[in-house]
**Q** 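Have a look at this one before I ask anything.
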Amino acid sequence: DTEKYQWYYEGRNGWWKYDERSNIDLETSYSSGETQCLLLLAGTIYCVDFHNMVQFRRSDPTKRRKIKRDIPTLPSKGIAGIKKP
Ligand code: V3L
């Protein structure tokens, strides 16, 4: 049931959806009780921290983006940097 929830990350003035593959990985990790999930996004390893509900580059943990897990129908800017028409 990985499609029942959508994971979002923070943009400048709204939320972006994670791409479908990442959403499945995040939902699988989270629902298994893991505390974090590593994602490879465009060649960069990101750590998604379910305790603090943030994501950050593993090589630079200082730049943190908030994340949230919610219903898939919330307003969003688009998916993984692809803006909604
Ligand atoms: N999925 C896809 N791209 C990401 C993700 C992710 N989970 N996390 C970071 N990036 P940083 P506005 C975002 C991209 O955090 O106008 C958006 O997707 C990130 O892309 O410093 O501010 C947009 O494409 C950024 O380009 O590691 O809302 C873009 O920002 C780059 O990785 C602008 O969005 C560095 O992010």
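Atoms within a ligand are numbered from 1 in the order they appear, just like the ligands themselves. Sequence positions, counted from 1, serve as the residue numbers for this chain.
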**Q** Tell me whether the count of non-hydrogen atoms from other residues, nucleotides or ligands lying under 6.0 Å of CD in Glu34 goes above 12.
**A** yes
**Q** Is it the case that Glu27 and Tyr18 place a side-chain donor and acceptor less than 3.5 Å from each other?
**A** no
**Q** Which pairs, with at least one residue in residues 24-44 and sequence neighbours excluded, count as a ring pair (Phe, Tyr, Trp, His ring centres under 6.0 Å)?
**A** Trp7-Tyr30, Tyr30-Phe50
**Q** Does the side chain to side chain contact (heavy atoms under 4.5 Å, CB included) test come out yes or no for Arg57 and Thr62, once each step is laid out?
**A** CA-CA 8 Å; Arg57 260 176 274 154; Thr62 59; over 6 Å; no
**Q** Taking salt bridge (charged side-chain N to carboxylate O under 4.0 Å, His left out) as the definition, give me every residue that meets it alongside Lys84, ordered by chain and number, with sequence neighbours left out.
**A** none
**Q** With sequence neighbours excluded, what pairs up with Glu10 under the side chain to side chain contact (heavy atoms under 4.5 Å, CB included) test?
**A** Trp15, Arg65, Lys66
**Q** Compile the protein residues with any heavy atom at a distance under 4.0 Å from an atom of ligand 1; present them by chain, then by number.
**A** Tyr9, Gly11, Arg12, Trp16, Tyr18, Leu41, Tyr46, Gln55, Arg57, Lys63, Arg65, Lys77, Ala80, Gly81
